[in-house]
2 protein chains.
Amino acid sequence: MTGIRAAARKEISAEIKRLARVQIASKGAANLSLREIAREMQMASSAMYRYFDSRDQLLTELIVENYDNIADSVEKADAKCARDDIRSRWMAMAESLRTWALRHPSDYGLIFGTPVPGYAAPPDTVDPGRRYTNVLLRLLVDAHVAGYVATVDIPPAKGFVKEYKHVQSNLGISLPDEMLLAGLAAWAAMFGAISFELFGHVDQVFVNPGTHYSALAHMLGEQLLGISN
Amino acid sequence: MTGIRAAARKEISAEIKRLARVQIASKGAANLSLREIAREMQMASSAMYRYFDSRDQLLTELIVENYDNIADSVEKADAKCARDDIRSRWMAMAESLRTWALRHPSDYGLIFGTPVPGYAAPPDTVDPGRRYTNVLLRLLVDAHVAGYVATVDIPPAKGFVKEYKHVQSNLGISLPDEMLLAGLAAWAAMFGAISFELFGHVDQVFVNPGTHYSALAHMLGEQLLGISN
DNA sequence: ACGTTATTGTGAGCAGTGCTCACAATAACG
DNA sequence: CGTTATTGTGAGCACTGCTCACAATAACGT
């Protein structure tokens, strides 16, 4: 019954990942050491390679898990709100993003930090990597259907309409360009703000970054998405 | 006359940094190797430590240079515009940010990527790290003085006004909170967008990221900063 | 139930890393 | 011109990722 070994494999893989996360949180991904993990597990360092092809592959698997975790978090926050309460949903997901990031700073850093040059995400990492964004996209669609109109101007730049046709198709949605532009702008602002905070670029600026962040989310919801209530 | 040695020191330091940048661009900061640099320079690896206390210190010096470079770039772009042409100045600095980042992706990644956990920026790195943001702040002040009004709403959250008093004081400016909030939002959005693009999070979304970026800058200038022309 | 096969763990070993240190050469300075 | 401080050297330490031949053993087919 393909049992004892498969079970052990699961446990050991999980323990390796757990210890890897601990190390990354305290020393950074660059200083993650498979040998140290092996030592902590009282195993030979070479045994690690029975579970992960390489250090990089371990990191990749952690990244995929992180994508799933942040998506879970945002989806859950969104799901708690009444479907037609667009404004609350936006605020909930914005807050959940930052909350997750603050609770798991090194996990956030692993996802949204500098990748290795030339790094091509393995095919099975791209789907999880889109989940968290899909939550936003569903919100935009719902907002549009509910009659909200993004109060932004499409710029007169040639090529914009064409580009956004591609974007809509790539994202598998169909929205007014205004709404999509507003949504992507708000999205970029939230992640920009979180990265600034987590990566230490505004330490000397804010006393309570959360206050600013909430104001940002509120203001962008009103001003860009047009979901003022 | 304290000559031959001081001159050599400058040259060698510069060459080390140059080779370090090449390595970082091709293999990432995590894989930067002092020994490899020494090999390329036909020197003993221990000689590197006559010029830099450690690998981390080399990286820190590169970061400071990068801060200076991006600030130079933004300042120069801004300086090319008529002082009273707020809108052009905003667009010029937004574009120059992305242009610089695309031209020096690994340098951008070094600055805005995940820092080592617990990393405390050495005192002499914090000033250069503010220069590029000061360009934005000066623009906001000029816009305010010129009579532009940010068309955004301050959220009714308790604590916001107090927080923003601190922010204004920390940044050494005095602006309507609306303008400051709008400015920081736009700033976060631009950096969020650039990081998304450079770190590979929107590869499957955009065909011409630049088109979207310009639209973003244009739209945020109009919609948030109120500098529609 | 038994023999074959595939999986797991081992320890030695290779090539690489950052960094230190005693030492020699030499430019800079009083 | 002699002393001092700076620069470069090579050996060496402790560490890393990763490979490989080998032994133990769970899983599977007959």
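Order of the sequence lines fixes the chain letters, A, B, ..., with proteins taken first and strands second; residue numbering starts at 1 for each chain.
When rounded to the nearest whole Å, the span between CD of E11(B) and C1' of dT6(D) equals 17 Å. Atom CD1 in I4(B) sits roughly 11 Å away from atom P in dG8(D) (whole-Å rounding). Atom-to-atom, CZ of R55(B) to C1' of dT17(C) comes out at 9 Å; the value is rounded to the nearest Å. Put simply, CG on L59(B) is 10 Å from P on dG18(C), counting in whole angstrom units. Atom P of nucleotide dC18(D) and atom CD of Q57(A) are separated by 10 Å, given to the nearest angstrom. Taking atom CZ on R50(B) and atom P on dC21(C), their separation rounds to 11 Å, with Å as the unit. Between the P atom of dC20(D) and the CE atom of M48(A) lies a distance of 19 Å, rounded to the nearest Å.
Phosphate contact (OP1/OP2 of dC15(D), side-chain N/O of R39(A), threshold under 4.0 Å): absent. Regarding contacts with the backbone of dT7(D), a side-chain N or O of R9(B) is found under 4.0 angstrom from either OP1 or OP2. Between Y51(B) and dG8(D), a side-chain N or O to OP1/OP2 separation shorter than 4.0 Å is present.
As the counterpart of dC2(C), dG29(D) is assigned, both hydrogen-bonding distances of the Watson-Crick or G-U wobble pattern falling under 3.5 Å. Across all strands shown, dA15(C) forms a Watson-Crick or G-U wobble pair, both distances under 3.5 Å, with dT16(D). Base pairing of dC23(C): its partner is dG8(D), meeting the Watson-Crick or G-U wobble criterion (both donor-acceptor distances under 3.5 Å). Pairing for dC29(C) is with dG2(D), a Watson-Crick or G-U wobble pair whose two hydrogen-bonding atom distances lie under 3.5 Å.
Taking 4.0 Å as the cut-off between side-chain N and carboxylate O, E15(A) and K10(A) do not count as a salt-bridged pair.
No side-chain heavy atom of K27(B) sits under 4.5 Å from any side-chain heavy atom of V116(A).
Of the candidate nucleotides dG18(C), dA26(D), dG10(D), dG10(D) has the atom nearest to the side chain of S46(B). Out of dC15(D), dG18(C), dT7(D), the shortest distance to the side chain of Y49(B) is found at dG18(C).
Using cut-offs of 30° and 60° for the angle between ring planes, the W100(A) and H104(A) rings count as tilted. Under the 30°/60° scheme for interplanar angles, the aromatic rings of F112(B) and H201(A) are found to be tilted.
Using modelled atom types, no side-chain atom of S73(A) and backbone atom of N69(A) make a donor-acceptor pair closer than 3.5 Å. Within the 3.5 Å criterion, the main-chain N or O of L137(A) finds no donor-acceptor partner in the side chain of W187(A). Side-chain atoms of Y108(B) do not come within 3.5 Å of backbone N or O of N66(B) as any donor-acceptor pair. Under a 3.5 Å cut-off, the side chain of S45(B) and the backbone N or O of R35(B) do not form any donor-acceptor pair.
One cannot find a donor-acceptor pair under 3.5 Å joining the base of dT8(C) and the side-chain atoms of R5(A).
Among the protein residues, S54(B) comes within range of the sugar-phosphate backbone only, with heavy atoms under 4.0 Å from sugar or phosphate atoms but none that close to a base.
Between A8(A) and D56(B), the one whose closest nucleotide on DNA chain C sits nearer the 5' end is A8(A).
If you check residues 12-37 of chain B against DNA chain C, the residues with a heavy atom closer than 4.0 Å are L32(B), S33(B), L34(B), R35(B), listed by number.
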